[in-house]
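Values below: every heavy atom of this structure, side chains too, minus hydrogens, waters and symmetry copies. In this text the structure is predicted, and so the values were computed from the model without any measurement. Start at 1 and go down the list; that is how both ligands and their atoms are numbered.
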Amino acid sequence: MKYLEICVRAPAESVESLAELFHEHGEGGVSLEQVAQPVGEDGLEPVPGAPVAVRTYLPLDERTPARRQQLEEALWYLSRLVPFPEPEFSEVDEADWANAWKEHFHVQRLTRRLTVRPTWREHTPAPAEVVIDLDPGMAFGTGLHPTTHLCLAALDERLVAGSRVLDLGTGSGILAIAAAKLGAGEVVALDIDPVAVSAARENVARNGVADRIRVGAGSAAEAAVDQPFDLVLANILAGVIIDLAPSLLALIAPGGELVASGIIDERAAAVLDALRAAGFAVVDVRAEGDWRAIVARPSAA
Ligand code: SAH
């Protein structure tokens, strides 16, 4: 199967609106790739000022010309409001698209305790090192993206052994697996994208933590049927976190916390407002390059 890839190398302030537009007009989700480089032993730092490549795909068939035109029109209107360069169009094979990135994915120390190992690479761990074996496939979440990295760092610091964790928007399952391996008692991992749900299931099984992680399709509504959680991780997008803020509050047990990520700098104030309006008190705002993660807890707690 061949796809039309649409890519905009966007300045930080336009990434969120482009991602929302691509979600609506593209297929199979949106990928965001910021140029990052390893720093020291356990860090990654986006190259300062580097644009973010925002990509989506359309299957090549008889509907492609009409869909491409709609997408180009939507981009034209958006370009009146926020700045970004001309979109780039290219044809890709599903197989290439699924595998090209693998070459650049290496064993990587992510936090004090956590390392990610792509399943196709060898690694001999140090004694206290916690290794996540991962093949994200088409799902988001290698651990290298700043939004994931911010969540992993917060998780490594804040996770209480035996606690109940929700990973909303699990993608490859990386945060859920990290939580289980760092000692969470029970983890629920949900995603609205079926591709992510199956990738997460495979990765959970591969890491031998299927007894503690339940992977399912869904979002906040599906999580609400469960007991409340001690820690809720939501690495999605600013717009989604704003919409879900009241539902997220209801999912948190007394004394529990939320880590909300996927927030580009320019949108952080709006997310903070929405969380406070929903009844959260902000505990910490963490930054990596242009990205922010917010740690918050129910203000009554
Ligand atoms: N948790 C992973 C993946 C983050 S990507 C990591 O930290 O790297 C964000 C994921 O959220 C995607 O897989 C997307 O399908 C999912 N998603 C988007 N909107 C959602 C919603 N409203 N509810 C649940 N998941 C959502």
Starting from the C-alpha separation in whole Å, work towards a yes-or-no answer on side chain to side chain donor-acceptor pair (under 3.5 Å) for N203 and S172.
-> CA-CA 7 Å; N203 284 315; S172 65; 5.0 Å; no
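- The distance from ligand 1 to the heavy atoms of T170 drops below 4.0 Å at these ligand atoms: 1 (N), 2 (C), 3 (C).
- Here T142 contributes atom OG1 and F105 contributes atom CZ; the two are 5.0 Å apart, rounded to the nearest 0.5 Å.
- Annotation for ligand 1: atoms under 4.0 Å from non-hydrogen atoms of G171 are 3 (C), 13 (O).
- Using a 4.0 Å cut-off to heavy atoms of T148, the atoms of ligand 1 that qualify are 6 (C), 7 (O), 8 (O).
- Between atom 17 (N) of ligand 1 and the options L237, L190, I192, L175, the minimum heavy-atom separation is to I192.
- If you number the atoms of ligand 1 from 1 as listed, the ones under 4.0 Å from a heavy atom of I174 come out as 6 (C), 8 (O).
- Of all protein heavy atoms, the one closest to atom 5 (S) of ligand 1 is F140 CD2, 3.2 Å.
- The shortest separation from a heavy atom of G218 to ligand 1 is under 4.0 Å, placing the residue in contact.
- The protein atom (non-hydrogen) at minimum distance from atom 24 (C) of ligand 1 is S219 OG, 3.6 Å.
- Residue D191 has at least one nitrogen or oxygen atom sitting less than 3.5 Å from a nitrogen or oxygen atom of ligand 1, judged on distance alone.
- Atom 25 (N) of ligand 1 has its closest protein heavy atom at G169 CA, 3.4 Å.
- Using modelled atom types, one side-chain atom of N207 and one backbone atom of D133 make a donor-acceptor pair closer than 3.5 Å.
- Looking at heavy atoms from C-beta onward, E13 lies out of side-chain contact with V82 at the 4.5 angstrom threshold.
- In this structure, H149 has its ring center no closer than 6.0 Å to that of W291.
- Against a heavy-atom cut-off of under 4.0 Å, D193 is close to the following atoms of ligand 1: 15 (O).
- R164 places a side-chain N or O within donor-acceptor distance of the main-chain N or O of P228, the cut-off being under 3.5 Å.
- Salt-bridge check for R286 with D284: passed, with a basic side-chain N closer than 4.0 Å to an acidic carboxylate O.
- Near V240, the atoms of ligand 1 lying under 4.0 angstrom from a non-hydrogen atom of the residue are 22 (N).
- Closest to atom 18 (C) of ligand 1, if we only count protein heavy atoms, is I236 CG2, 3.4 Å.
- Looking at ligand 1, you won't find any N or O of L244 less than 3.5 Å from one of its N or O atoms.
- A continuous path of ILVMFWY side-chain contacts below 4.5 Å connects V187 to V130, so both sit in one hydrophobic cluster.
- Put simply, the residue from D167, T170, L166 that forms a side-chain contact (heavy atoms from CB on, under 4.5 Å) with L190 is L166.
- Polar contact with ligand 1: present for N235 (N/O pair, distance under 3.5 Å).
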Full working for side chain to side chain donor-acceptor pair (under 3.5 Å) between E27 and Y57 | CA-CA 6 Å; E27 232 170 74; Y57 300 86; over 6 Å; no
